[in-house]
Structure formats: structure tokens, C-alpha cells
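Note sheet for the following structure.
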Protein chains: 2
Amino acid sequence: MTDDGPRPVKTTKTSLALVRAVRDSDGATLSELADRLDLAKSTVHNHLHTLVDEGFLVRDSDTYHVGLQFLPFSEHARNRDPLYSTARQRVYSLAEKTGNEADFIVEENGRAYTLEYAIGESTARGLSESSPFRAGNRFHMHNCASGKAMLALLSDERVREILDRWGLPATTAHTITDESTLFDELETIRRRGYATNDEELIDGYRSIGAAITGPDDAVIGAFSVGGPAYRLAVDGSSTREIAQLLLDEVDSLKSELPP
Amino acid sequence: MTDDGPRPVKTTKTSLALVRAVRDSDGATLSELADRLDLAKSTVHNHLHTLVDEGFLVRDSDTYHVGLQFLPFSEHARNRDPLYSTARQRVYSLAEKTGNEADFIVEENGRAYTLEYAIGESTARGLSESSPFRAGNRFHMHNCASGKAMLALLSDERVREILDRWGLPATTAHTITDESTLFDELETIRRRGYATNDEELIDGYRSIGAAITGPDDAVIGAFSVGGPAYRLAVDGSSTREIAQLLLDEVDSLKSELPP
DNA sequence: GTATGGCGTTCGGAATACGTGAACAGATCG
DNA sequence: CGATCTGTTCACGTATTCCGAACGCCATAC
């Protein structure tokens with residue numbers, strides 16, 4: 001576990017661990033949770049009750065689920081920056097134009113969060129249910145195109161910080177798990193202006209990503225477009241076309257930004 | 001404050017109170033929060049750090065904001081029931097057909113949460129930024145059409161429970177603040193099959209709502225359509241047309257449901 | 001009909017970890 | 001350069017959390 005500053009509040013941590021456990025198991029009972037987190041049932045009891053009272057959990061007979069009280073907070077965060085709304089709308093046009101999946105992603109705390117996700121005509125609808133890019137999902141930065149596009153624009157120092165904290169876990173055989181390989185890749189991305197993901201996150205899935213920077217050159221987020229590997233040849237013309245589309249979209253978005 | 005069971009976890013409560021305060025003030029500093037919640041700076045310090053570490057808050061120089069970590073949880077809750085996705089898609093068709101605002105709302109813990117929101121052609125886009133019906137917002141059940149539609153189908157006992165917990169605060173001069181008046185209204189709604197909201201939540205805003213019930217007659221959620229009062233005469237033909245549209249939509253949704 | 005095991009719940013007691021306040025460091029302002 | 005904001009650190013005392021055992025409840029088993 002990483003050192004998180006002076007004196008972490010343990011009680012809050014266990015409460016949050018409980019909520020996380022409930023989400024990960026898609027509904028759990030008190031005893032299950034007590035087992036899983038190695039806590040006394042009475043302790044879990046008290047935590048669950050307060051969390052239910054606050055609306056962050058819901059109790060359905062004896063099973064606890066994630067509550068809707070998270071919504072007002074997540075929507076608040078999602079609309080914090082007016083740019084987010086603007087960018088999110090463009091995701092739909094990207095999906096439509098390319099006929100693939102498109103998303104808008106933001107970095108926070110060294111992890112990537114999908115703020116908006118859309119699918120174009122040629123993609124099977126079923127995918128949206130399971131796609132890791134679906135709005136609200138959160139993943140590592142090193143194995144997705146938009147994540148790498150953003151990393152490429154951060155300082156080496158910050159990148160190292162992120163890698164230290166979250167590591168480079170592999171999800172497929174193609175995932176970059178070596179720090180220096182990643183730094184080489186970031187260099188390529190900087191030169192080329194866009195990033196690619198060649199089955200590094202999911203087998204058979206490729207994507208192309210481009211980062212969005214603010215007036216002060218700070219990274220704001222990234223767009224990416226992806227689809228099944230057979231449709232997106234790595235160095236094929238379609239890749240370059242999509243990359244161009246992304247870069248244009250980023251430019252046009254930037255021109256709309258206030259100073 | 002309501003009694004929330006045996007032994008509430010105080011520490012978790014203050015952590016959550018901090019997050020709430022951050023959201024309500026749209027970004028706050030440590031000292032501000034310490035003042036507001038009447039806590040020692042050092043206490044707030046520890047809480048904020050753990051919350052940042054967990055991703056539920058973000059620190060921007062010295063101001064704290066709501067973090068994106070809420071997203072994975074809220075989306076989980078939003079997709080918990082597959083019905084939610086089906087219902088949410090219909091909101092768009094409702095908005096289009098009526099040219100007004102449409103939403104899908106769910107009850108949890110005695111409060112109403114907007115899961116999906118859409119605006120039709122004739123509504124000014126600007127509204128969506130401030131509308132209380134925007135996705136993720138949460139409000140009382142007694143002063144909105146869909147809330148009342150749902151209340152009408154709950155047992156009197158449950159309704160009373162909800163009223164006791166959340167009260168009947170007034171937001172306009174038309175808000176129902178009296179318990180027996182509300183029960184009379186619920187009776188009317190049951191007879192008529194749909195609920196109306198005549199400037200009870202926002203001045204100049206009217207809406208019509210219809211509840212969705214599951215195979216076991218349990219209330220699942222509600223649709224509503226609303227707009228400026230001048231466009232929706234209370235007992236005019238448009239109201240009845242929209243009500244019919246809502247009821248049809250509810251029926252068609254129900255026919256899609258598994259046993 | 002009774003026994004057993006599962007669940008959530010309650011409660012008293014003990015140790016921990018939370019909250020406080022005072023003192024420190026850095027920044028910004030007059 | 002002093003005054004006054006920040007946020008940070010630390011030692012201390014006590015309130016709070018956590019535990020464990022006992023309880024009630026509802027199944028299912030026998």
C-alpha cells in the first residue's frame with residue numbers, strides 16, 4: 001500500500017473499502033463483507049448502517065448494493081469544468097464519423113476516467129455493455145491510447161510518480177510492462193502527435209488517441225477512437241485517417257476555448 | 001437529525017460531511033471547511049488527505065474539489081438494474097415527441113434521483129445547465145410530478161415514513177406542505193393514473209408524470225415530461241395528450257419486461 | 001416437532017485511533 | 001519587514017471505534 005500522507009483516517013478507509021467491496025461483488029451480505037475484509041460482523045454492521053443512512057448503499061432484504069447517492073457527486077465532478085461538456089458532445093460526432101467507438105477521457109490522480117463514450121453505426125451495440133471505455137470506468141494510463149497520449153505530455157517526473165503509484169499491470173500479452181519501453185513509446189507519440197493502442201488493453205481491440213491541452217499547455221484530457229483489430233490496421237490508411245480526424249477535432253476544440 | 005439505527009460511525013459521517021460541503025461550495029479550502037463544520041484544522045487536514053488519496057476529492061493548489069472517483073460507483077448504481085438502461089433510452093423519444101423536457105426518475109431512500117434527462121427541440125438549451133431534473137440530481141418526492149406519481153403507488157405507511165424523514169419543504173408558493181392535502185392529491189393521482197406538478201417545484205414550470213411498476217406491482221421509477229407553464233396548460237388538451245403519451249410509454253415498457 | 005446452522009442484531013468492555021490545540025513553515029499582503 | 005493568511009506537524013487525552021460473545025430470528029434438516 002502506498003503511503004498516503006501524514007495520518008490517514010482509518011475509519012473512513014474501512015467505510016470506503018466496504019463500499020468498494022459491495023461494488024466489486026455486485027451486491028453482498030453483511031457476513032460476506034465481514035469475511036472478505038476480515039472485520040467483526042458488528043463493525044461491518046455499524047458501517048453499513050451509516051452508509052445506508054447516507055444513501056451510499058442500499059439494502060435489499062439482506063443484500064447491500066451501491067446507492068444512487070453517488071450520482072449527485074459524480075455529476076458534479078463531471079460538470080466541474082465547462083470544457084468537459086463541450087468535449088463530451090464531440091465524442092458523438094467522432095463515433096458517427098468513424099463508425100467506431102469514441103470516448104473522452106480525463107486524467108485524475110494518475111488514473112484515466114471515461115467521461116463520455118459513444119458507439120458508431122458499425123459497432124455492435126452489445127459491446128457498450130461491457131466496454132471498459134464506457135462512461136464512468138476508470139483504468140490505468142499505460143495500456144490505452146488516450147492514456148498514453150496524455151502521459152506523453154506530462155513531465156517525466158510526473159509520469160514516474162504515476163507509474164510508481166499504479167504500476168504497469170498487464171491485461172494482454174501486448175501490454176507494455178517495462179518502464180523504459182514505455183518512455184520510448186512516449187517519445188514516439190510526442191513526435192507523431194497521436195498515440196496508438198495495439199491490443200494492449202484488450203485482445204483484438206485497437207485504438208488511436210490524441211490529447212487535448214489547455215492554453216497553458218496543461219493536459220486537459222484526450223479523445224480516442226477504437227474498434228476491432230480487423231477494422232483498424234495498425235499502420236494502415238484508416239489509422240492515419242482517424243488520427244487526422246482526432247487531431248482536427250482537438251484543434252477545433254482548442255479554438256473554441258477561452259484564453 | 002433522524003435516528004439512523006444503533007451506532008452510527010461518526011468518523012465516516014464527518015468525512016462524508018466534508019465531501020458534501022466541498023460539493024455545495026463548489027470547491028473549498030481547508031480552513032473554510034474547518035470553519036464551516038466547526039472542526040479543528042488538523043482534523044480536516046487528515047480527512048481531506050485520505051479522501052484525496054482515495055480519489056473522492058482532488059486538490060487543486062489549495063482548493064479541494066469533488067473527485068472523479070464517484071463516477072465508477074454512480075455508473076455502477078445506474079446500471080444495476082437492466083431496466084434502467086431500457087427506460088433511460090425512452091426518455092429521449094419522449095423529449096423528441098413532446099418537444100419538452102423529459103426524464104426518468106427512481107426512488108431510493110425516500111428521495112427521487114434523476115437517472116436520465118433529455119430536452120426536446122422547443123426547449124432552450126440553456127435550461128439543461130440549471131434544470132433540477134438534470135441527470136444525477138436528487139430531490140424531494142412531494143413537489144415533482146414523477147415523485148408524486150411514485151408516492152401514489154406506495155403504501156400509506158411507507159409514504160408517511162418518507163414524509164417523516166424528509167419533510168415537505170416548500171420551494172414555491174404552490175408546493176404542497178400539508179400532509180392531508182398531499183394524501184388527497186395522491187388519491188386523485190391513483191384515480192387518474194398520472195400526476196401533475198403545477199409550479200410546485202419551480203415557478204413557471206409545469207410537468208406531468210407517470211409511474212412504472214414491475215410485474216409484482218412494485219414501483220420501479222417514473223417518467224415525466226415538463227416545460228414552461230405557458231406551454232403546458234394545466235387542464236388543457238396538451239396535458240392530456242402528454243399524459244396519454246406517458247401512459248403508452250409505460251405500457252410499452254412493461255410489455256418488454258421479463259416476468 | 002425439535003435441532004442445527006445460517007443470517008443480522010445488540011451490548012459491555014478495552015484499546016486504539018480520532019480529535020484537539022498549540023506551535024511551525026511558507027506564502028502573500030500591506 | 002512585520003502581520004496574517006494559508007497548510008502542516010506533533011504530543012496528548014479521551015471519545016470512539018472495534019471486538020467478541022450472547023441473542024433473536026428464520027430456514028432447512030432431521
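Note on naming: letters A, B, ... go to the chains in the order of the sequence lines (proteins, then strands), and numbering restarts at 1 for each one.
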Hey, does the side chain of [X] come within less than 4.0 Å of [N]'s phosphate (OP1/OP2), counting only N and O?
X	N	result
R59(B)	dT8(D)	yes
H45(B)	dG19(C)	no
H49(A)	dT9(C)	yes

Have [X] and [Y] got a donor and an acceptor in their side chains that come within less than 3.5 Å?
X	Y	value
S155(A)	R160(A)	no
K254(A)	T213(A)	yes
Q69(B)	Y113(A)	yes
D103(A)	S224(A)	yes

What is the distance, rounded to the nearest whole Å, between atom [atom1] of [X] and atom [atom2] of [N]?
X	N	atom1	atom2	result
L33(B)	dT6(D)	CG	P	12 Å
L30(A)	dC25(D)	CG	C1'	15 Å
K41(A)	dC11(C)	NZ	C1'	14 Å
D62(A)	dT9(C)	CG	P	7 Å
D60(A)	dG8(C)	CG	C1'	15 Å
K13(B)	dG19(C)	NZ	P	14 Å

*Between the side chain of T43(B) and the main-chain N/O of L39(B), is any donor-acceptor distance below 3.5 Å?*
no

*The single option from T29(A), L30(A), V19(A) passing side-chain contact (heavy atoms from CB on, under 4.5 Å) against L48(A)*: L30(A)

*Can you spot which of N143(A), D184(A), T181(A) makes a side-chain contact (heavy atoms from CB on, under 4.5 Å) with I176(A)?*
T181(A)

*Using a 4.0 Å heavy-atom cut-off, write out nucleotides 10-18 of chain D from 5' to 3' as B (base contacted by protein), S (sugar-phosphate only) or - (no contact).*
BB----SSB

Check the interface with nucleotides 25-30 of chain C: list each N/O to N/O pair with the protein under 3.5 Å, or write none.
none

*Which class fits the ring pair F56(B) and F70(B): parallel under 30°, tilted 30 to 60°, perpendicular over 60°?*
perpendicular

*For the pair F223(A) and F104(A), name the ring-plane relationship: parallel under 30°, tilted 30 to 60°, perpendicular over 60°.*
tilted

